[in-house]
Amino acid sequence: MSPRPAPAPMLIACALGIEQFALRPSSVRDRGGAGGPVTVLRTGMGPAAAERSVTRVLTHPALRGAAVLATGFCAGLAPGMDPGDLVVAEETRDPRGSVPCVGTELLVKELVRTVPGRTVHTGPLTGSDHVVRGHERSDLFATGAIAADMESAATLLSSVRVGERPVAAVRVVVDAPEHELVRIGTVRGGISAFRVLRSVLPAFHEWHRSLLLPRR
């Protein structure tokens with residue numbers, strides 16, 4: 001009998017120290033399991049930093065073939081969004097192209113179960129090289145995107161360029177058209193988003209585990 005292949009690893013990429021802190025494992029379940037080992041990478045802010053960091057770590061033999069999930073905070077673009085809402089990307093976009101996400105429906109299902117009472121939005125997630133403010137929200141919303149951040153598009157594009165792999169992006173809305181913030185964490189909306197981000201790891205692990213299940 002040939003040995004079973006080792007479970008595929010997962011890389012969770014975020015930009016900020018506060019995001020990495022929120023994603024620290026708080027239980028045995030959060031540390032992984034059937035889906036294989038999990039690495040949480042802080043890339044630094046901006047698309048260039050995300051591209052450099054993700055490309056570098058995915059060339060390591062231990063992360064060859066790793067599933068990649070980009071996460072952290074984002075700017076909501078759609079009217080009616082609230083801080084603490086969740087965004088599950090159907091695809092990520094930036095001027096260099098788009099990357100389709102894998103397992104969107106499963107992520108929505110698991111997030112609804114894991115973070116009850118929070119609204120989960122699905123749609124395109126667009127990349128930006130700066131923090132989106134004011135009229136830029138409506139301009140980006142007009143393109144069909146429902147949220148924006150600086151790292152997800154670069155993270156996923158870099159990931160699939162290194163090698164074929166499943167990718168996804170889940171973001172927590174930290175500000176929105178009716179709730180624009182000056183600084184993350186200094187007002188109620190930022191605190192709400194942080195608390196939601198602390199709760200999402202079990203959903204990420206279920207997504208990761210599902211990638212290993214046989215397809216029918």
Side-chain angles (χ1 to χ4, degrees), residues 7-16 18-26 29-44 47 49-51 53-58 60 62-74 86-94 98-115 118 120-127 147 149-173 193 196-213:
M10 174 169 63
L11 178 69
I12 299 174
C14 60
L16 304 175
I18 191 173
E19 294 167 337
Q20 186 181 43
F21 181 72
L23 292 162
R24 72 195 188 285
S26 58
R29 184 185 181 194
D30 285 351
R31 294 186 181 98
V38 176
T39 299
V40 178
L41 171 70
R42 178 185 174 186
T43 65
E51 182 175 357
S53 296
V54 170
T55 300
R56 174 177 52 81
V57 300
L58 288 180
H60 193 282
L63 288 173
R64 184 175 294 119
V68 175
L69 197 153
T71 194
F73 303 128
C74 71
L86 286 146
V87 172
V88 179
E90 294 175 341
E91 66 175 13
T92 57
R93 303 170 173 175
D94 74 5
S98 63
V99 177
C101 295
V102 173
T104 297
E105 291 183 2
L106 175 70
L107 278 166
V108 171
K109 175 184 174 183
E110 290 299 325
L111 288 167
V112 168
R113 185 177 64 83
T114 305
V115 196
R118 292 292 177 179
V120 182
H121 307 267
T122 60
L125 178 61
T126 192
D149 76 89
M150 291 193 286
E151 296 83 25
S152 291
T155 293
L156 268 54
L157 185 60
S158 302
S159 298
V160 298
R161 283 180 171 176
V162 172
E164 184 177 353
R165 67 190 72 247
V167 294
V170 175
R171 290 275 169 171
V172 182
V173 174
V196 172
L197 190 59
R198 284 180 60 184
S199 305
V200 297
L201 272 180
F204 293 176
H205 290 305
E206 285 302 310
W207 173 79
H208 186 206
R209 186 183 68 83
S210 78
L211 300 175
L212 304 179
L213 298 177

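Along the sequence shown, residues carry numbers from 1.
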So, using side-chain contact (heavy atoms from CB on, under 4.5 Å) as the criterion, who are the partners of A67 when residues are at least two apart? P166, W207, H208, L211
Quick one: are L23 and T71 in side-chain contact, heavy atoms under 4.5 Å? yes
Any side-chain heavy atom of E19 within less than 4.5 Å of one from R42? no
Applying side-chain hydrogen bond (donor to acceptor under 3.5 Å, both in side chains), name anything that partners E91, two or more places apart in sequence or on another chain. R93
Under the side-chain hydrogen bond (donor to acceptor under 3.5 Å, both in side chains) rule, collect the residues that match up with E51, sequence neighbours excluded. R96
Residue pair L63 / V57: nearest heavy atoms and the distance that separates them: CD1-O, 3.6 Å
Sub-4.5 Å side-chain heavy-atom contact between T92 and P124: no
Looking at residues at least two apart in the chain, or sitting in another chain, which of them share a side-chain hydrogen bond (donor to acceptor under 3.5 Å, both in side chains) with R165? none
Euclidean distance, E151 CD relative to L125 CG, rounded to 0.5 Å: 10.5 Å
Separation of L41 CG from Q20 CD (nearest 0.5 Å): 8.0 Å
Do the side chains of D94 and P47 get nearer than 4.5 Å, heavy atoms only? no
Side chain proximity check, L107 to F204, heavy atoms < 4.5 angstrom: yes
For T122 and V88, indicate whether the former's side chain and the latter's backbone hold a donor-acceptor pair under 3.5 Å. no
side-chain contact (heavy atoms from CB on, under 4.5 Å) involving V115 - partner list, sequence neighbours excluded: L86, R118, V196, S199, V200
About how many Å separate CD of E90 and NE2 of H121, when rounded to the nearest 0.5 Å? 13.0 Å
Within-4.5 Å side-chain heavy-atom neighbours: L58 and S159: yes
For A70, what residues pass the side-chain contact (heavy atoms from CB on, under 4.5 Å) criterion, not counting sequence neighbours? S152, T155, L156, A169
To the nearest 0.5 Å, what is the distance between OG1 (T114) and NZ (K109)? 11.0 Å
T43 side-chain N/O to C14 backbone N/O, donor-acceptor pair under 3.5 Å: yes
If every non-hydrogen atom of C74 is compared with every non-hydrogen atom of D149, which pair is closest and at what distance? CB-CB, 4.1 Å
